[in-house]
Amino acid sequence: RFGALHWKKVFPFFSERFPAKRVPEVSVEDEMMTEHQLLLFAKEVLLPLACSTTTLIVGQDTCSLTSAFMKVSYSVQNQLRDKCPFRLVIFARAFFFECMSRQPGSTSSDFKSSSTAWQEKEQDFDEALKEKFGDDPAFWPWGDMSSGLYSLVLFECLHKKRVSDKTPMSFENDFLSALSGVPMISLQTFGTDRMSIMPSIAEHVSRGNPLMLIDSRRRDKPAQDIAEARKMLSELSEQLHVDTLGAQLGQEVQVNPNAEYDDDGDAYLGGVADWFTTDALAFVKATVDNIRAKTKRRQPSDENIRQNAMWIWEAIDAKVYEEAVAARTKSATHLGIIAPRRGGDEVEQIDMEQVLVQATETVMRYCGAELEWEMNQRHQRFEKCFKHIQDSSNWQQLKDRLLMCWLGIRGCSFHHTSSLGEFETYHPWAYVHVNGENKNKLWLFGTRHLSIDLDRVPDKNDMAYFEREKQALLSLFRAEFDSSSKIDQARLTEKAFVKQE
């Protein structure tokens with residue numbers, strides 16, 4: 001997940017409220033290249049492999065790789081029909097399609113119309129989606145089922161009126177385990193929310209099933225050790241955090257020409273966090289493989305090979321290696337230790353257990369740091385917008401700046417918007433503006449936002465009243481932010497992520 005399909009189709013209204021939640025690429029060209037390469041991989045690697053034998057392909061909903069395969073395989077499936085050598089089955093979560101299932105003409109709507117069980121769960125889905133994503137439908141998932149030839153296993157993912165995807169994960173692992181006698185390979189790329197796929201990956205691998213992690217990014221060179229991998233990830237992160245792609249997309253997503261501008265008139269979008277956690281994992285895994293390859297030939301003892309079973313040159317090489325290891329100094333414990341070897345060559349002694357520990361820590365800390373950076377961006381944006389509203393000196397300015405800064409305020413507040421209605425009740429000048437009943441471009445502001453009706457202000461020249469009402473508005477925002485930031489600090493810091501995951 002977390003490719004263009006996720007951010008632009010499933011969560012199409014996130015871009016303004018959460019500017020750092022979009023496709024994590026440095027430029028539009030890089031984004032297009034990644035999507036193109038994914039299609040090529042599906043067309044030139046996966047499709048020929050699927051056609052070469054009787055194959056069962058298991059995909060997931062809102063998955064860019066599954067979507068790419070469906071695009072390139074449709075003509076083959078449509079032409080061969082029952083004679084097609086492969087079958088595609090997709091495991092899907094109904095909450096991703098609930099909103100679109102209520103839109104006439106959508107694929108999800110057609111499917112839901114034939115499922116009484118799904119239709120009866122509409123109220124339960126409303127409550128579950130409100131709990132997970134807030135009570136504004138603009139920021140709920142708006143994914144639609146793909147049209148094509150495939151079998152679908154759909155899970156409601158509801159537990160005590162909350163969204164829970166433990167059942168589909170367990171079912172998918174059990175399903176794949178039941179196919180243990182069938183040749184299979186699993187593919188993962190891009191990323192998942194808080195690396196949520198990791199338990200499934202671990203269980204999949206522990207059962208002896210092959211797994212391929214695909215790094216979708218172009219790297220200038222492979223990393224030679226974990227320290228270099230960490231440095232390369234840091235350099236990528238710094239590139240993403242600069243406002244490059246956001247600046248290019250800015251003109252496309254602006255709803256109000258005055259919205260999202262700071263005091264100097266500069267568009268505020270900021271950089272993007274690296275949501276491609278699986279790419280990071282694949283990159284570090286490749287680094288571990290590179291390190292292991294350096295020692296594999298030189299450590300026959302790891303393979304439990306006896307000297308009398310070796311070729312003579314292998315036995316000599318192993319003996320020299322063992323002596324070199326025994327001669328190393330106690331202080332040389334860091335990665336990349338080098339000991340002298342016959343013929344002027346060198347032996348690189350590497351503690352693979354330590355490598356794996358460092359690799360795991362690198363991935364976890366990198367992903368946690370990206371979550372924390374995105375959180376800090378939202379918090380800083382809130383403070384900037386809060387100050388901008390606070391500096392308003394009259395009602396007209398307050399109205400204009402409230403509209404300009406609403407999304408910056410909303411990025412850290414109003415998970416539930418009931419407090420807006422309460423505020424409207426006690427402050428006659430305030431009203432909740434509705435941005436249409438059906439989804440439209442204005443939903444980038446949410447389905448509703450707080451606004452000011454100047455005609456309802458009793459006396460625009462009463463500055464004491466103005467200051468009191470402005471302070472009431474600011475107190476509302478501050479209370480919402482304090483509550484939200486407390487939750488963020490408990491979940492989205494690097495320290496919290498590493499501890500929890």
Side-chain angles (χ1 to χ4, degrees), residues 13-19 134-139 250-251 253-270 378-437 439-485:
F13 304 112
F14 262 36
S15 61
E16 291 284 273
R17 185 183 178 190
F18 307 111
D135 60 7
D136 191 336
F139 306 111
Q251 295 304 314
V253 301
Q254 292 297 333
V255 177
N256 186 299
N258 295 318
E260 295 309 302
Y261 280 78
D262 62 19
D263 295 337
D264 300 321
D266 296 325
Y268 182 93
L269 278 169
R378 286 187 292 106
H379 290 188
Q380 293 168 15
R381 184 188 185 202
F382 173 90
E383 295 295 351
K384 189 171 185 177
C385 291
F386 184 90
K387 180 68 164 56
H388 201 42
I389 294 173
Q390 187 177 43
D391 291 342
S392 301
S393 58
N394 57 62
W395 282 102
Q396 183 63 56
Q397 195 173 59
L398 182 63
K399 177 181 179 178
D400 293 342
R401 292 190 175 188
L402 176 59
L403 177 62
M404 290 169 60
C405 298
W406 174 248
L407 290 166
I409 296 296
R410 190 75 201 280
C412 297
S413 59
F414 300 110
H415 184 73
H416 297 291
T417 57
S418 57
S419 58
L420 291 178
E422 296 172 4
F423 188 84
E424 180 182 28
T425 300
Y426 294 102
H427 302 274
W429 49 268
Y431 75 100
V432 177
H433 181 84
V434 178
N435 294 316
E437 295 298 329
K439 69 172 187 172
N440 60 83
K441 194 173 183 180
L442 288 175
W443 275 23
L444 287 167
F445 273 90
T447 59
R448 49 197 176 276
H449 67 272
L450 190 63
S451 188
I452 296 175
D453 186 347
L454 296 179
D455 292 335
R456 298 182 188 177
V457 177
D459 185 354
K460 297 184 182 64
N461 296 318
D462 187 344
M463 299 311 296
Y465 175 74
F466 168 75
E467 291 296 335
R468 286 197 306 272
E469 294 301 289
K470 182 178 73 171
Q471 188 55 50
L473 179 64
L474 293 171
S475 296
L476 171 67
F477 292 162
R478 180 59 65 185
E480 284 284 333
F481 174 79
D482 289 345
S483 175
S484 177
S485 62

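Just so it is clear, the values below take in all heavy atoms, side chains as well, and ignore hydrogens, waters and symmetry mates. Note that the numbering runs from 1 along the sequence shown for the chain.
- The closest donor-acceptor contact from the side chain of Ser413 to the backbone of Ile409 lies under 3.5 Å.
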**Request:** Give the C-alpha distance, both sets of side-chain angles, the deciding distance and a yes or no for side-chain contact (heavy atoms from CB on, under 4.5 Å) between Phe13 and Lys439.
**Result:** CA-CA 9 Å; Phe13 304 112; Lys439 69 172 187 172; 3.9 Å; yes
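- Closest approach of Leu402 and Ser451 over heavy atoms only: CD2-CA, 4.1 Å.
- Counting all heavy atoms, side chain and backbone alike, Arg401 lies closest to Asp391 at NH1-CB, 3.6 Å.
- Across all non-hydrogen atoms, the minimal contact from Ser392 to Leu398 is OG-CA, 3.6 Å.
- Legend: salt bridge (charged side-chain N to carboxylate O under 4.0 Å, His left out) pairs involving residues 454-465, not counting sequence neighbours, sorted by first then second residue: Asp453-Arg456.
- Checking side-chain atoms of Arg448 against main-chain N and O of Val432 turns up no donor-acceptor pair under 3.5 Å.
- In this structure a side-chain-to-backbone donor-acceptor pair under 3.5 Å is present from Trp443 to Asn435.
- Listed here is the closest heavy atom pair of Leu407 and Glu16: CD1-CB, 3.4 Å.
- Scanning both residues, Ser418 and Asp135, for their nearest heavy atoms gives N-OD2, 4.1 Å.
- Within the structure, every pair that satisfies the salt bridge (charged side-chain N to carboxylate O under 4.0 Å, His left out) test and touches residues 402-424, not counting sequence neighbours, is listed here: Asp136-Arg410.
- Heavy atoms only, all atoms of each residue included: Met404 and His388 are closest at CE-NE2, 3.8 Å.
- Every residue meeting the side-chain contact (heavy atoms from CB on, under 4.5 Å) condition with Ala472, not counting sequence neighbours, appears here in chain and number order: Phe423, His427.
- Ser484 places a side-chain N or O within donor-acceptor distance of the main-chain N or O of Cys412, the cut-off being under 3.5 Å.
- Scored by the ring-ring contact (aromatic ring centres under 6.0 Å, His included) test, Phe382 finds Phe386, Phe481 as partners (sequence neighbours excluded).
- In this structure, the ring-ring contact (aromatic ring centres under 6.0 Å, His included) partners of Phe18, at least two apart in sequence or on a different chain, are Phe14.
- The main-chain N or O of Gly421 is found under 3.5 Å from a side-chain atom of Thr425 such that the two form a donor-acceptor pair.
- Ring pair Phe477/Phe414 is perpendicular by interplanar angle, where above 60° counts as perpendicular and below 30° as parallel.
- For Asp482, the side-chain contact (heavy atoms from CB on, under 4.5 Å) partners at least two apart in sequence or on another chain are Arg478.
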